[in-house]
Amino acid sequence: MDTIQITLPDGAKRQVPSGTTPAEIAQQISPGLAREALVARISPSNGGAAAGPAADGELVDLRRPLDHDVRLAILTPKDPDAIQVLRHSAAHLLAAAVLDLFPDVKLGIGPPIEHGFFYEFLREQPFTPEDLERIEKKMHELAAQDIPNERKFLPKPEALELYRKWNQGFKCELVEEKAIEPLVSFYTTGKFIDFCRGPHIPSTGRIKAFKLMNVAGAYWKGQEGNPQMQRIYAACFYTQAELDDYLHKLEEAKRRDHRRLGPELGLFSIEEAAGPGLIFWHPKGGLVRKLMEDWLRDELLRRGYDLDFTPHIMRLDLWRTSGHTNFYRDSMFGPVEVEKDDYQLKPMNCPGHILIYKSRLRSYRELPIRLAELGTVYRYERSGVLHGLLRVRGFTQDDAHIFCMPSQIEAEVEACVDFAFAVMKTFGFSDYVVELSDWDAAHPENYAGSKDDWARATRALETTLARMNVPFKRMEGEAAFYGPKIDIKLIDAIGRPWQLTTVQFDFNLPGRFGLEYVGEDGARHQPLMVHRALWGSVERFFGILIEHYAGAFPAWLAPVQAEILPVSGKFSEYGKKVAAELGAAGFRAHLDDRNEKLQAKIRDAQMQKVPYMLIVGGKEAEAGTVSVRHHSKGDLGPRPLAEFLTDLGKEVSLRSS
Ligand SMILES: [Zn+2]
Ligand SMILES: [Zn+2]
């Protein structure tokens with residue numbers, strides 16, 4: 001019998017008879033590994049150090065006989081690639097269960113997806129929630145039987161015959177189109193058989209933690225006009241704890257969804273009559289926006305920016321000069337004709353700021369010039385990608401452009417990163433990820449700017465981040481054609497990352513617009529230009545804040561800071577007095593003097609996520625106190641009104657969250 005050589009990930013080599021399976025090798029290594037093993041990865045064995053990284057290679061069944069020298073890794077739940085194999089096998093299990101209960105369904109496809117899998121079926125009646133329950137139960141039954149997933153091969157004509165007899169038209173189509181080898185690969189799970197390249201986990205016993213989530217319609221092959229399939233979607237993990245954690249996060253995300261909270265809390269709406277992707281800020285949202293913008297404008301001035309305002313519509317020619325009519329055309333609204341001249345709704349603020357810079361000759365003494373604008377822009381986003389406040393067609397960027405000399409760029413980058421950190425701290429975020437995007441050095445012809453420009457700017461970004469002790473990830477080849485950048489992603493209260501701050505060099509626009517300054521040497525030079533946005537846009541950041549706080553804004557941002565709740569109509573007068581004192585002290589208070597039970601009023605204030613409820617009755621009126629209830633901390637007991645005012649003042653001025 002032939003002997004083959006197996007190279008393990010640690011470099012160890014084993015001589016085994018040809019035909020040995022990964023499962024057998026796992027067993028030789030250790031029974032524990034054999035128990036944990038799900039699938040194997042093989043790659044060509046080209047000997048020692050020259051071999052590629054371990055993650056390259058092909059995933060194969062543990063039962064696949066090996067017949068030549070290979071590098072072999074046995075994958076367990078610890079390997080990130082293994083989960084998709086488990087999910088794919090779970091999709092087969094779903095199809096097996098559905099066929100068991102509904103033998104007449106026609107099978108479509110069933111791939112693994114992020115967090116789980118789906119399988120699609122053609123069936124006249126829609127699957128009901130009760131059907132899903134039965135299917136899930138059947139899946140658990142079949143899983144518990146630990147049925148092997150076995151690979152079989154059939155000649156293509158036999159494969160087609162099998163599906164024709166079974167009346168599975170979609171599968172016939174797939175075999176016709178996808179089976180390229182003369183032998184067609186199938187997998188069986190008990191009675192269920194599926195045209196499938198695999199690989200799969202050895203048997204169904206390891207599929208334990210899954211949940212059928214929902215049914216969604218989808219055209220066969222995603223093409224309109226094709227039959228409408230029913231896709232059963234499922235979440236699937238190794239353990240119940242992981243599944244529970246995922247389901248909990250989903251619940252949390254739903255609870256925090258800004259698209260629901262926005263209208264519920266009177267913050268914003270999107271009005272179909274006005275068009276999709278356009279935001280209406282309602283009074284309470286408008287108030288939060290004012291507070292956000294006040295903070296930002298004060299910080300901008302404190303940090304040496306100048307505020308400017310530029311028009312929303314400008315000559316189309318300006319966008320030809322900037323190049324946007326070429327590389328950005330698809331994201332722009334169409335031009336508007338005015339007196340035989342074409343005008344363009346602005347998709348960016350940069351050309352406007354450039355015109356201000358260019359309005360007169362600049363001297364090196366003026367640099368850096370930092371022009372900031374809460375600039376409203378309009379972009380044509382396809383209706384399919386619009387999403388609440390996060391993807392819209394009209395929005396206000398917290399935009400700034402910095403024009404500086406090469407010697408100034410490190411200090412400017414540092415100031416931008418410092419400003420971004422101030423935003424995070426102020427708005428209650430502590431976790432973040434930083435990415436530095438560089439060019440693809442092998443293709444300088446695809447980029448604006450010289451090799452020197454790129455090297456200097458990238459070095460400035462790198463050394464600044466290093467000096468500030470900010471860890472970052474380098475993204476080679478990820479930069480835009482016009483310059484390197486750093487991106488900061490926030491991690492919110494439930495661990496989701498949100499792209500926010502960008503600090504972006506531009507080697508393109510200064511040349512296109514012929515920007516200059518007079519240097520110390522009396523000669524004309526071209527300034528460096530940096531685009532930077534901290535929030536990205538007011539709308540997007542507001543959406544993120546709503547989700548981060550689950551609508552319960554900290555006192556400094558809350559549209560109503562205190563709701564005053566008289567226990568009955570008799571104490572309205574004292575309630576009015578408390579409200580007036582809060583108002584006079586500069587707080588946002590609201591008196592709920594509706595003729596409702598106290599419990600109902602508390603519930604409503606709680607629903608509106610007002611930070612403080614001040615309950616007033618006879619005792620309070622007599623003593624000049626308020627009974628304080630906090631939205632999340634609950635009952636805080638009676639307090640003298642003056643003391644409450646002092647404490648609220650402190651909380652607001654510290655912007656505690
Ligand atoms: Zn499959
Ligand atoms: Zn810009």
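First listed ligand is number 1; within each ligand, the first listed atom is number 1. Sequential numbering from 1 along the given sequence is applied to the chain's residues.
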- Query: Do the charged groups of Glu173 and Lys221 touch, with an N to O distance under 4.0 Å?
  - Reply: yes
- Query: Rounded to 10°, how big is the angle at the Zn ion (ligand 1) from His88 NE2 to Cys196 SG?
  - Reply: 100°
- Message: With a cut-off of 2.8 Å, does His200 put an N/O/S atom close enough to the Zn ion (ligand 1)?
- Response: no
- For the Zn ion (ligand 1), the nearest N/O/S atom on His92 is atom NE2
- Item | Cationic N near anionic O, under 4.0 Å, Glu412 to Arg370 | yes
- Item | Contact flag His353/the Zn ion (ligand 2), N/O/S atoms, threshold under 2.8 Å | no
- Vertex the Zn ion (ligand 2), arms to His401 NE2 and His531 ND1, rounded to 10°: 100°
- Item | Pi-cation contact, Phe419 with Arg303 (under 6.0 Å, within 45°) | yes
- Query: Would Arg231 count as a cation-pi partner of Phe121, with NZ or CZ less than 6.0 Å from the six-membered ring centre and within 45° of the ring normal?
  - Reply: no
- Salt-bridge contact Glu539-Arg289 (side-chain N to carboxylate O under 4.0 Å): yes
